[in-house]
2 protein chains.
Amino acid sequence: MPPPPTFTRKEREFQAREELILTHARRLLIDKGFQAWNMDQLAEAVEYSKGTLYQHFTSKEDLVLSVATASLKQRADMFEKAAAFRGLTRERCRAIGFACCEFAVSCPDYFHVEMMLKSTSFWEKASEERRQAHAFQGARCWRILNNIVVEAMALGDMPRDQFTPEQATFSLVSVTVGSHLMSQEPQLRVQAGITHPLLSVRRNQDLICDGLSWKPLLRDHDYTETDERILREVFPHAHLWLKADH
Amino acid sequence: MPPPPTFTRKEREFQAREELILTHARRLLIDKGFQAWNMDQLAEAVEYSKGTLYQHFTSKEDLVLSVATASLKQRADMFEKAAAFRGLTRERCRAIGFACCEFAVSCPDYFHVEMMLKSTSFWEKASEERRQAHAFQGARCWRILNNIVVEAMALGDMPRDQFTPEQATFSLVSVTVGSHLMSQEPQLRVQAGITHPLLSVRRNQDLICDGLSWKPLLRDHDYTETDERILREVFPHAHLWLKADH
DNA sequence: ATCTTTTTTGACTGTTAGTCAAAAAAATAA
DNA sequence: TTATTTTTTTGACTAACAGTCAAAAAAGAT
């Protein structure tokens, strides 16, 4: 006998409507950012009234945070897949680097929203529930990468006498976020002569790994084959940009 | 005979009032962020009417951008001082690293505003004039660091066969911004066990420099004395944190 | 068919960025 | 000094939008 369904029809319909709202909100975020649309427009788009939107979300910020968390969950999922790549620890880290890039392309809204998340007033307007959901997915991403670093140190692929694994993970996270952000900046892109932003991101990750003495170093090893294997095995449906970079 | 003054009394008074407005706006930005104050409150604080504020700035965003540009100018000035440090190219880069940290402390509003600058709608609301002023100071910062990198390559302190100077500069900028941002994030701070955020920033800069093979590498050279000299010669009045880190 | 409960709705409120006609102040002329 | 013109300042007003809530509609129970 199957267990009784956890959700009633009503609850399922409610959830489906929430999905609908989130889908439309994401579209608006991608197309227009945060300011250039309002709740009335969203209500019209989903064909429900504004009051109904507020049955799902406590504020516009709460809604947008929810969209961001959905993206972040995708990132964590991608990280998980990448971390399962079979190879040296640094190769697995590299797979995560690819995951970052694939994520940036498939969730173009995310980095824009992440900027807003730095503002205290944004968080204050979101509900505690959504804040926790976001923190949870963030922690997943962290843990996946950190586990690889821990393993690298355990296996002797990275020296353990200079940094804690957490410090090394922090460095990788910092350089990744920073590179993504900076390579979006039009002015900097011109100054630095960046034509392939995502390639810059991965190059900076390489620099940090080399700085951390994560073996094998870039100069001691040719990662071309690794990269091809990652693309084949982990991201067979990756967006074209990944190949275009090479 | 002295040359006729470029500015009339009226113009000078106008400029003085602009300073006054900017000072109060910066205070509000530091204390409350962007949202939690409005133009009426600012008008009251400076003891002028709202209409007068709009004679100086085309919008709230225009005003805030102006505050940010003033900070950015300070950063460029600090960079200039740091770049004049007498020593190896990597030591001068290190001096700039310290400048970044000193800047972060003395202009705590800046990073918060920089986040908002990522949003297109923000730029759209600012005047062309202010946009250019900001770009100008940004370019100054870039040039100062880039010049050191160029010199490092010319002197053979850094290999020139792997990266252009601009790519190397971009890496340094990325890691710096990313580290500052990430070390503000409370969640990440706990996960990574960060107690001295600014120390993490400088450590990440070191990692990138090592990754770039910028000689002398961290493991080949003790920078303790350099650091002391930088603090003494370049930032004699540096905030206490700099010392507390050690 | 009637009553009760739940859900949806959109007109309404409060807030705030930005405007502009009128008032005040400053400059100029008589 | 006084009258007139020009410039500057002012704050009441408008428009836009997030969020609310009483009333209407729909769903469910009897």
Side-chain angles (χ1 to χ4, degrees), chain A residues 7-22 24-25 28-29 32-67 113 116 119-130, chain B residues 7-22 24-25 28-29 32-67 113 116 119-130:
Chain A
F7 298 106
T8 64
R9 175 178 60 78
K10 266 200 175 169
E11 284 168 327
R12 284 195 310 275
E13 278 173 7
F14 187 84
Q15 274 187 290
R17 192 171 62 185
E18 191 151 313
E19 286 295 316
L20 179 78
I21 298 170
L22 287 172
H24 281 264
L28 287 169
L29 272 174
K32 308 190 169 192
F34 180 75
Q35 297 277 2
W37 54 276
N38 60 42
M39 295 299 268
D40 292 277
Q41 285 163 17
L42 177 60
E44 196 173 343
V46 297
E47 292 180 279
Y48 283 98
S49 77
K50 195 153 67 153
T52 302
L53 296 186
Y54 281 93
Q55 287 189 342
H56 292 265
F57 307 97
T58 63
S59 66
K60 190 180 179 185
E61 283 80 3
D62 194 52
L63 162 61
V64 167
L65 179 58
S66 201
V67 173
V113 176
M116 298 189 302
S119 139
T120 329
S121 63
F122 191 98
W123 286 98
E124 279 167 2
K125 285 176 194 154
S127 65
E128 182 56 28
E129 202 187 343
R130 312 264 176 205
Chain B
F7 298 106
T8 65
R9 175 179 59 79
K10 266 201 176 167
E11 283 168 328
R12 284 196 309 276
E13 279 172 7
F14 188 84
Q15 274 186 290
R17 193 172 61 186
E18 190 152 314
E19 286 295 316
L20 180 77
I21 298 171
L22 287 172
H24 281 265
L28 287 169
L29 271 174
K32 309 190 168 191
F34 180 75
Q35 296 278 2
W37 55 276
N38 60 43
M39 296 298 268
D40 291 277
Q41 285 162 18
L42 177 59
E44 197 173 343
V46 297
E47 292 181 280
Y48 283 99
S49 75
K50 196 152 66 151
T52 303
L53 297 186
Y54 281 94
Q55 286 190 341
H56 292 265
F57 306 97
T58 62
S59 65
K60 190 180 180 185
E61 283 80 3
D62 195 51
L63 163 60
V64 167
L65 178 58
S66 201
V67 174
V113 176
M116 298 191 301
S119 138
T120 329
S121 64
F122 191 98
W123 285 99
E124 278 167 1
K125 286 175 194 155
S127 65
E128 181 56 26
E129 203 186 340
R130 311 265 178 206

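Note on naming: letters A, B, ... go to the chains in the order of the sequence lines (proteins, then strands), and numbering restarts at 1 for each one.
A pairwise comparison of heavy atoms in A/Ala25 and A/Val67 identifies CB-CG2, 4.0 Å as the closest pair.
Picking from D/dG11, C/dT8, C/dT19 the nucleotide with the shortest atom distance to the side chain of B/Ser49 gives D/dG11. Between D/dC17, C/dT8, C/dA17, one nucleotide has an atom nearer to the side chain of A/Asn38 than all others, and that is D/dC17. Each of D/dT10, C/dG18, C/dT7 was ranked by its minimum atom distance to the side chain of B/Tyr48; first place goes to D/dT10. The listed nucleotides are C/dT8, C/dG18, D/dT9; the one nearest the side chain of B/Arg17 is D/dT9. Closest to the side chain of A/Thr52, out of C/dT8, D/dT9, C/dG18, is C/dT8. The side chain of B/Lys50 lies closest to D/dA12, out of C/dT8, D/dA18, D/dA12. Nearest nucleotide to the A/Gln55 side chain, out of C/dT8, C/dG18, D/dG19: C/dT8.
Between the CG atom of A/Asp40 and the OG atom of A/Ser49 there is a distance of 10.0 Å, given to the nearest 0.5 Å.
By the 6.0 Å contact criterion, CD on B/Glu44 is open, its count of non-hydrogen atoms from other residues, nucleotides or ligands being 12 or less. More than 12 heavy atoms of other residues, nucleotides or ligands lie within 6.0 Å of CD in B/Glu13, so this atom counts as buried by the packing criterion.
If you take CG of B/Leu65 and C1' of C/dA17, they are 17 Å apart, rounded to a whole angstrom. Straight-line distance from the CZ atom of B/Phe34 to the P atom of C/dT15: 19 Å, rounded to whole Å.
Residue B/Thr58 is out of contact with every strand shown, counting any heavy-atom pair closer than 4.0 Å.
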